[in-house]
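Down below is the structure, laid out as structure tokens.
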Amino acid sequence: RAKLTTKVRNPLAGLLFCQCGRAMSLRTYTSHSSAPRLLCDNQVYCKTTSCLYQEIIDRVRETLEQCIADFEIRIKSDDKSSQQLHENLIKRLKLKMEELNKKEISQWEKYSEENMPKEIFDKLNEKVLKEKDEIQQALCKAYESMPEPIDYEEQLLRFKNALDALDDPEISAEKKNKLLKACIERIDYKREKAVRIKSKQERYYDKEQKKTRYKSPLKTGGNWTNPPIELDIALAVKMNS
């Protein structure tokens, strides 16, 4: 988290959250053999297994690349179908409303000029008013559900800038963080607790001694399990279906 006395050193600051709800922080180590890791600030209690920083960055990179490919397809196909369907629907409803208005005026003229019986006029007029009310409600719903126009070219540029920045060591973590936040709203991280698997002693027959012997595994105490990482990446952009 950015503070007055410190700078952002984690490109995922304010974006990556553990399954327990707490933010995840970047940890670096003085040993050259230890790669940077991301772990929950509440790991002592939630027991969520940490992961390599590069593992999450690789997954974020894949997401950015997938979005870029999708934007390029939508731009190439001039994807405006959803908005166009709504516009056509509104046009049809408006034309229908105009027809009903003309019909209502015509009925009033016949009633006043041609001495149309009142009971017949009332029925006809009631039907027209009911149809007009239905059309008006449909128009309101169409306007409310009208999808906002999306500038896919602007979004494409935004995601490309974020992707390029990830691979550029000359760009600061703070700059990368801002570019990522323009594309991604939140990343939820889930990983089960790693457990140590005890290795059993290997049984073999010693021909020279003519007896069964047991050999301990090379790594005493066994190995740690490697539970899979689950990420839920919420984008900070809108996309029409």
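Atoms considered below: every heavy atom in the structure, side chains included; atoms not considered: hydrogens, waters and symmetry mates.
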Exercise. How close do Asn177 and Ala13 get, heavy atom to heavy atom, and via which atoms?
Worked result: ND2-O, 2.9 Å

For this session: Please check if Leu179 and Ile187 belong to a single hydrophobic cluster, counting links between Ile, Leu, Val, Met, Phe, Trp and Tyr side chain heavy atoms closer than 4.5 Å.
Result: no

Exercise. For the atom pair CG (Leu95) and CD (Glu99), what is the distance rounded to the nearest 0.5 Å?
Worked result: 6.5 Å

Seminar exercise, completed: ring-ring contact (aromatic ring centres under 6.0 Å, His included) filter on Phe121, not counting sequence neighbours, yields Trp108, Tyr111

Problem set entry | Worked check of side chain to side chain contact (heavy atoms under 4.5 Å, CB included) between Asp232 and Tyr189 | CA-CA 7 Å; Asp232 183 9; Tyr189 172 95; over 6 Å; no

Exercise. Run the side chain to side chain donor-acceptor pair (under 3.5 Å) check on Gln54 and Asp58 step by step: do they pass?
Worked result: CA-CA 6 Å; Gln54 194 60 44; Asp58 289 342; 3.0 Å; yes

Problem set entry | Donor-acceptor pair, side chain of Arg9 and main chain of Leu26, under 3.5 angstrom | yes

For this session: Could you note down all residue pairs passing salt bridge (charged side-chain N to carboxylate O under 4.0 Å, His left out) where residues 179-188 supplies at least one of them, sequence neighbours left out?
Result: Arg186-Asp188

Seminar exercise, completed: Between the CZ atom in Arg27 and the OG atom in Ser50, the distance rounded to the nearest 0.5 Å is 10.5 Å

Exercise. Between atom NZ of Lys178 and atom OG of Ser172, what is the distance when rounded to the nearest 0.5 Å?
Worked result: 8.0 Å

Problem set entry | side chain to side chain donor-acceptor pair (under 3.5 Å) partners for Gln66, two or more places apart | none

For this session: Calculate, to the nearest 0.5 Å, the distance between atoms CD and NZ belonging to Gln107 and Lys103 respectively.
Result: 6.0 Å

Problem set entry | Single-linkage hydrophobic cluster Phe17~Ile56, side-chain heavy atoms < 4.5 angstrom | no

Exercise. When rounded to the nearest 0.5 angstrom, what is the spacing between SG in Cys40 and NZ in Lys47?
Worked result: 11.5 Å

For this session: Determine whether Leu38 and Leu12 make a side-chain contact, defined as any pair of heavy atoms from C-beta on separated by less than 4.5 Å.
Result: yes

Exercise. Hey, quick one: are Leu52 and Met24 part of the same hydrophobic cluster, counting side-chain heavy atoms closer than 4.5 Å, chains of contacts allowed?
Worked result: no

For this session: Start with the C-alpha gap between Tyr29 and Arg37, add the side-chain angles, then the distance that decides, and say whether side chain to side chain contact (heavy atoms under 4.5 Å, CB included) holds.
Result: CA-CA 9 Å; Tyr29 306 92; Arg37 299 188 71 85; 4.0 Å; yes

Seminar exercise, completed: Sorted by chain and residue number, the side chain to side chain donor-acceptor pair (under 3.5 Å) partners of Thr49 (sequence neighbours excluded) come out as none

Exercise. Is there a donor-acceptor contact under 3.5 Å linking the side chains of Thr48 and Arg191?
Worked result: no

Counting only pairs under 3.5 Å, give me each side-chain donor-acceptor contact of residues 157-171, with atom names and distances, residues two or more places apart or in other chains.
| residue | atom | partner | partner atom | Å |
| --- | --- | --- | --- | --- |
| Arg158 | NE | Glu154 | OE2 | 3.4 |
| Arg158 | NH1 | Ala182 | O | 2.9 |
| Arg158 | NH2 | Glu154 | OE1 | 2.8 |
| Arg158 | NH2 | Glu154 | OE2 | 3.2 |
| Asn161 | ND2 | Leu157 | O | 3.3 |
| Asp167 | OD1 | Arg61 | NE | 3.1 |
| Asp167 | OD1 | Arg61 | NH2 | 2.7 |
| Asp168 | OD1 | Glu170 | N | 2.9 |

Problem set entry | Verify same cluster id: Ile75, Leu235 (apolar side-chain graph, 4.5 Å) | yes

Exercise. How about Cys46 and Cys18: do any of their side-chain heavy atoms sit closer than 4.5 Å?
Worked result: yes

For this session: Answer yes or no: does atom CD of Glu72 have more than 12 heavy-atom neighbours from other residues, nucleotides or ligands under 6.0 Å?
Result: yes

Exercise. Is Leu39 reachable from Val60 through a run of I, L, V, M, F, W or Y residues, each pair having side-chain heavy atoms under 4.5 Å apart?
Worked result: no

Seminar exercise, completed: Here the salt bridge (charged side-chain N to carboxylate O under 4.0 Å, His left out) pairs for residues 126-144, sequence neighbours left out, are Glu104-Lys132

Exercise. If only atom types and distance count, is the side chain of Asp41 paired as donor or acceptor with the main-chain N or O of Arg22 below 3.5 Å?
Worked result: no

Problem set entry | Pairwise distance SG(Cys51) to CG(Leu231) - rounded to 0.5 angstrom | 7.5 Å

